[in-house]
Structure formats: structure tokens, C-alpha cells
Amino acid sequence: MSRSRLRAVLAASAATLALSTTTVLTTPVSASSAALDGLAGTSALRITDEQVKAEVRPAEVAALGRPAAEAEARDRIGLRAVQTGYPQTTRTLRLKALTDSQAKTNAAFDPAQFGRFTDYFSSPEYGDHIALLPTGKVLIFSFEAVEDNPQKEPAPTDVIGKQNAGRAYLWDPAKGTGLDSFTAVPPPVVNMPDGLDEPRPAPFFCAGHSYLPNGMVGVFGGNLGGNGGTGAKLALVFDPWTETWHQEQDMAVGRWYPTAVTGADGRQLIMSGQSELGWGTPTPVIERFPAKGTGVFFDKSKAPDGVALDQWKADAPYRMDYPHLFSLNDGKVYGFGRDADQQFVFDPANETRASLPDRPDGGMRNYGSAVALPNGTSGPDSVLVLGGNRNDPNTYRFSGGQWTKDTPRAFGRTQDDTLVLPNGNLFTVNGAYDIRDYGNGPYNPNADPKYRQTELRDAGGRWTLGPVQRLPRGYHSNAVILPDGRIMITGDELQQIANNPDIKSGLNGTIEIYEPPYLHQGDRPSLRTAPTDPLNYNATFRVNTNTPTQATRAVLVAPITSTHSVDTSQRRLELRITGRAGSQLVLQTPASAKDAPPGFYMLFLLNDAGVPSEAKWVQLNPNA
């Protein structure tokens, strides 16, 4: 569309808008939007400098110059603001086109080498946040949308009051893919300190989360509402055994986009996030749950209620939100910030912080994946940073206090999710050009086809492109390994509402299932029984198998809880097989909690080809 045509559409749309009583945005007006302000004296279209900065395209700057590129950016923002609908026919046609192209493309991929996508089904929840529970169910949660037009922002980030609300569901894979496989588990009703006195289900979206040693999920922070992202002080715990939420004492500071990690002591550390003052005020305060002096929660029959957090002596001065945090096998927490010069190590023993070498790529990485790499029978001692830069396909390994460039993927992508599979290989799914941008501009759901393609990394570190997923999922996408070895993929509400064949159905989310290659490489070993009582460290235990000669390896895989391409819990460890007797195997647990923080893990048996059994859950507890 030409500049003149675009401005004409904007003018007409703005005039129509002015006849309503809806104010599109209430942020400070920029000079460029003044001409659109006050039409008919009832409405205003306001565009901020930050919006323009995020919208400007480098190619347009190079071709047109900065002023013209900024004008184009303002035009696009304005046009999106006055669009009032998205045709249902477009949603239906888009989904059909994606379904057809997926089938055509994936016909060329041998499942035994590349795996395959199978189920694709509707969900009542977007799944922007996700956690696999030790019951085998999956907790998925996000927000009540304020918009069903994918060309606008669907999240109530800048909304205050009761419309700024959270929601949550459980999906039970054992019940299949129908509506009866989902159960609503709404968060506690709270009255946020926004001055409106309007209770609503806790707006815990854009929080950070990690597991308690008793299998419960701690969720910290959320959206207070307004000012571009304002942090909530919420501290909640979900109990998978009773499927109930529990509210803890508030944090000391609000956090929007924080990261939480479980350390070797079983406590959760919470860092970063925009404070209760709004976007641009990331908090350096480190908080700990439960507070020092309060017992750690190992007993799954006891859920914390009203438990306090406390603050560390040291701080975490991250300029950007959602840093990657990992508890490595020296017992320290390594924090890899999005800015290259913000790499830190934190020592829980004395509450100190030290600097690490700068990441060698320089600059800032957007939301993108990072994983703690397997390290045999020991806990991980190195981390691979992968996504977050659409222009950089390289991966970067931190090990032994130093950075090295590792093997590149096929192309750079942001908003991706990378999993450590039971066989030790890596799998990347999801990704995009930028936040809400799939390669054709912000809030345009049409994607560059490459972002739908998966990648697999073998034991030698070689990456290979694999089959394509149905939807091009980017911002807010997630993926988890299920106990049966399949991968559940969900998230990215913009793509889900852009491809919904019936937007009025209430089922506005979707889930897709991927079967890794190992599920197409012959018979699987069996794991019939495993201990249900907690296991101590450096101890032996027995399991039963119907296929003792096939079981050549045993591994623990930590469950995944992730959001915004951040997952602090992923971990894979080999277990020593110290004895065999008929159908029984004798296995040895990890040496210490530094190798594997206390909590629940999936236990898989593998054959020589790396084909895993279905998993059984075991709990590591230093008090067992």
C-alpha cells in the first residue's frame, strides 16, 4: 500500500473511531499523532516514541532514511489501532493453508530420522506459561484476552481493573484430546493495588516459575496493569496433588517478566522483572522462597500457605528481563542476561554475586532458548545459549568459566524453545523474527515459512532441519517433554486466534504433538515399576522391567516449566546401573543435590539406540 493510500485509510478509520467513545491508547502523545487527536472531541489515537522505535524496520531506514522510516512505522501502528475486526474466513483459510502445506512438506521427512507431527487439537487455554506436573498432567495458564483480532495486542498488559485477570487449566494426556481432558483451575481471586477495588482471578501472566521439591509449582510476579508492563508482587503455589492454588505473602517488589530457579537447597531464587513502577524499572532485588529459616517443602501432602520470602544481601542488576538462570553442579546459580555484558554467577551459600566473561556475540539477545547441557552421571556444568538473535545462527557454550562458539543452527531465530531429549539430543521448535513479528511486520500473523521448521542436534553437535509444525509459534510459545516421550507444543495466542476456525467457540488455544525419531526406531524398553517413596542421594534403588536385556541405560529427566523461551528446570542425568537380577535393575541416584536439585524427575530406561521407555516419576529428597 502506498504512503498516500495508507494515510487516507488512517484518516477515514480515525474519523470513524472518533464517533465512538473508545480511546485506543492512553500513553503520552507524540507530535506525529497530534493530527489524529481529538477528532470529534471524543477519541484519540496516541503513539509513543517507544512504539515507533520498536516498529521501525532497518531495511526502510536504509532505503528511505530515518524520518521516512519512522513515518512508515507510525502509519502501521495507527492502521493497526483503528482496525476493528479480523475476518473469520481469513482464519479458516489460513489454518487450511497451513495444514495443507504441513502435510505436503512433511511427506518428505522419514519419521525414523526426523520424527513426525501427529495430533493437533483445540484447547481452552493459550498456554503462554506451562508446567509438566508429577501427576502426568500439564498446567497451562495465561490471561483473559481483551482482543480477538490478531492485528492487535490480545493481552491486558496495559489494562487495570477486573479485565486484567489470569486463567489456568490442566490438560490430562491420559484422557486424550477432547474437551473432557481439560479442567479449569483458576488462580485465587485477589484485589490488586491498582486503586480500583475490583477483585479478579490473579493476573499472574508474565510471571516466573520453578518447582518446589514436593512437586508443586511456585509462580512469582505477574501483571499489575498499565504503564507498559507493571510488576505484581504475587507469590503463588500450585499443588498438583490436590489441584489447588495457594497464596503466599507478597514479594518485596513487583515483578513483570522475572525469572525463578530452584537451587541445590530446594529454595527458589527470583530475579529481575519490571517493578511496580512500570516498564523501564527492572528490579535488582533477589528474593528467596521460602525465606531463610523457614523449612523447605519436601512433603507433597503439605502445601505452603502465607509463607514469607526474604531478600539476599547481593543484588542482580539486570537491565533486561527474563535472564536465563541455571543451578549447575558446583551448587552455584549462573545467570545469563540478554545483554552480552550481563553474565553473573550467584553463590547461595554466602549470598554473593560475581561477574562472568561477556558473551562473545556482543549486544543484546531477544527472548530465545538456552539449555544446561547433559554431563553424564554428573549434573550439568555448561550451558548452551541458542536463540534470541534473528541474525545469528551460532550457538554459544559457557563451560569452565569461558565462552566458546558452538555449532550453528540453520538460521537465527528468536522466541524459540529448545529441549534436551531423553537420549541426550537437542530439539528446537517454535521461533520468529521478533516479538509479534514472524517476518512480515509486527502483528502480521503471516510468517516466513522457515520459522515453522524444527531442528535436531545429534550427539556430535550437528544440527539438521526437520519437519514443520502446523502453526508458526513465536512469542509466548512453549514445548514440554511428556512422560511417554512425546513433545507437547502450545502457546502464542496471536497465532492461535489468527487460525481459529471458530473464534466464538471459547476454545481459542491449540496444542500440537510431535513424536521424536526415537518413537519410530523399533520397540521400546519397558519400565514396569519404580519406587514411589522418596530417594536419597548417592543411594541405590531397584526398578522392574519386562525387557531387562534391552535396558542398557537409565536417565533422569527433569520436568519442564517454561515461558518466554526461559526454562530453568531442564536437566538430564545418566544413572549408573550397578546390578542386574532377572527383571530387576539396580540403579544409583545422583551424588548430591548439586547434581540434581531435590524434586520430582522422570526416570526413563533406554536401549542401545537411545529409544526410551515410558517414564516413571521418582522424587529426590536429601532427607529420605
Side-chain angles (χ1 to χ4, degrees), residues 208 257-261 271-272 316 318-330 332-346 354-375 379-421 424-435 451 454-457 461-463 474-475 477-479 558 560 562-572:
Y257 284 47
T259 304
V261 64
M271 303 185 197
S272 190
Y318 286 109
R319 290 189 297 269
M320 299 300 295
D321 44 56
Y322 275 136
H324 289 284
L325 302 179
F326 296 98
S327 180
L328 299 187
N329 68 0
D330 59 0
K332 298 178 181 179
V333 170
Y334 288 75
F336 302 102
R338 293 165 59 197
D339 286 296
D341 64 343
Q342 294 218 290
Q343 316 298 311
F344 305 118
V345 58
F346 303 90
S355 293
L356 299 172
D358 293 357
R359 198 179 56 237
D361 57 326
M364 197 275 286
R365 300 181 79 85
N366 208 330
Y367 306 118
S369 59
V371 295
L373 292 172
N375 187 32
D381 62 359
S382 60
V383 169
L384 192 67
V385 175
L386 301 101
N389 188 338
R390 62 184 180 240
N391 299 315
D392 185 5
N394 292 299
T395 63
Y396 298 88
R397 180 177 181 139
F398 182 85
S399 183
Q402 299 296 323
W403 289 96
T404 55
K405 187 182 292 186
D406 213 293
T407 51
R409 295 188 292 189
F411 52 88
R413 62 172 102 192
T414 71
Q415 327 300 328
D416 58 306
D417 298 282
T418 299
L419 309 181
V420 182
L421 299 177
N425 294 346
L426 304 186
F427 172 69
T428 291
V429 66
N430 302 325
Y433 180 81
D434 205 341
I435 297 173
Y451 295 121
T454 58
E455 291 190 68
L456 296 114
R457 182 181 186 263
R462 294 178 294 271
W463 289 93
Y475 192 49
S477 64
N478 286 299
I560 288 170
S562 69
T563 187
H564 292 75
S565 302
V566 173
D567 173 20
T568 65
S569 67
Q570 272 203 91
R571 212 177 196 89
R572 177 195 178 272

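Residue numbers run from 1 in the order of the sequence given.
Residues passing the side chain to side chain contact (heavy atoms under 4.5 Å, CB included) test with Ala316, sequence neighbours excluded: Met271, Ile286, Tyr318, Phe346. Applying the salt bridge (Lys or Arg N to Asp or Glu O under 4.0 Å) criterion to Arg397, with sequence neighbours excluded, gives no partner residue. When the side chain to side chain donor-acceptor pair (under 3.5 Å) test is applied to Asn425, no partner is found at least two apart in sequence or on another chain. Remark: Ser477 pairs with Asp417, Asn430 by the side chain to side chain donor-acceptor pair (under 3.5 Å) rule, at least two apart or across chains. With sequence neighbours excluded, the residues that form a side chain to side chain contact (heavy atoms under 4.5 Å, CB included) with Ser562 are Ile130, Asn478, Ile560, Asp567. For Tyr257, the ring pair (Phe, Tyr, Trp, His ring centres under 6.0 Å) test picks out Tyr322, Tyr367, His564, with sequence neighbours left out. When the salt bridge (Lys or Arg N to Asp or Glu O under 4.0 Å) test is applied to Asp361, the partners found at least two apart in sequence or on another chain are Arg359, Arg365. With sequence neighbours excluded, no residue satisfies ring pair (Phe, Tyr, Trp, His ring centres under 6.0 Å) with Trp463. Taking the side chain to side chain donor-acceptor pair (under 3.5 Å) definition, one finds that Thr454 meets it with nothing, sequence neighbours left out. For Asp434, the side chain to side chain contact (heavy atoms under 4.5 Å, CB included) partners at least two apart in sequence or on another chain are Asn366, Arg390, Asp437. By the side chain to side chain donor-acceptor pair (under 3.5 Å) test, Asp416 is found to be paired with Ser369, Arg409, residues two or more places apart in sequence or in another chain being considered. Taking Asp341 as the reference, Arg319 meet the salt bridge (Lys or Arg N to Asp or Glu O under 4.0 Å) condition, with sequence neighbours excluded.
By the 4.5 Å heavy-atom criterion applied to side chains, Leu328 and Val383 are counted as neighbours. Residues Thr418 and Arg457 have side chains not in contact (no heavy-atom distance under 4.5 Å, counting atoms from C-beta outward). Put simply, the side chain of Leu384 reaches to within 4.5 Å of the side chain of Leu426, judged on heavy atoms. Inter-residue side-chain proximity for Thr259 and Pro323 is flagged as met; some heavy-atom pair is nearer than 4.5 Å. Side-chain contact between Gln570 and Leu419 is present, with heavy atoms from C-beta onward closer than 4.5 Å. The side-chain heavy atoms of Arg571 and Pro380, taken from C-beta on, include a pair separated by under 4.5 Å.
Among all heavy-atom pairs drawn from Ala372 and Phe326, the shortest one is N-CE2, 3.8 Å. Residues Ser272 and Pro258 come closest through the heavy atom pair O-CB, 3.5 Å. Residues Asp381 and Asn329 come closest through the heavy atom pair CB-OD1, 3.6 Å. Taking each heavy atom of Gly424 and Pro374 in turn, the nearest pair found is O-CG, 4.2 Å. Considering all non-hydrogen atoms of both residues, Pro357 and Gly401 come closest at CG-O, 3.3 Å. Taking both residues in full, the closest heavy atoms of Ala432 and Gly474 are given as CB-CA, 3.9 Å, listed atom of the first, atom of the second, then distance.
Expressed to the nearest 0.5 Å, how far OG1 of Thr395 lies from NZ of Lys405 amounts to 9.5 Å. Atom CG of residue Leu356 and atom CD of residue Gln402 lie 9.5 Å apart, to the nearest 0.5 angstrom. In this structure, CZ in Arg572 is found 10.5 Å from CG in Asn375, a value given to the nearest 0.5 Å.
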Given Leu373 and Val371, is the side-chain contact (heavy atoms from CB on, under 4.5 Å) satisfied, shown in steps?
CA-CA 6 Å; Leu373 292 172; Val371 295; 4.1 Å; yes
Working note: Gln415 + Ile435, criterion side-chain contact (heavy atoms from CB on, under 4.5 Å); need CA distance, chi angles, decisive distance, verdict.
CA-CA 8 Å; Gln415 327 300 328; Ile435 297 173; 3.7 Å; yes
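Between the side chain of Thr414 and the backbone N or O of Gly368, no donor-acceptor pair lies under 3.5 Å. A donor-acceptor pair under 3.5 Å links the side-chain atoms of Thr407 to the main chain of Gly461, judged by distance alone.
The aromatic rings of Tyr334 and Phe398 sit tilted, their planes meeting at an angle between 30° and 60°. By the 30° and 60° cut-offs, the orientation of the rings of Phe411 relative to Tyr451 is perpendicular.
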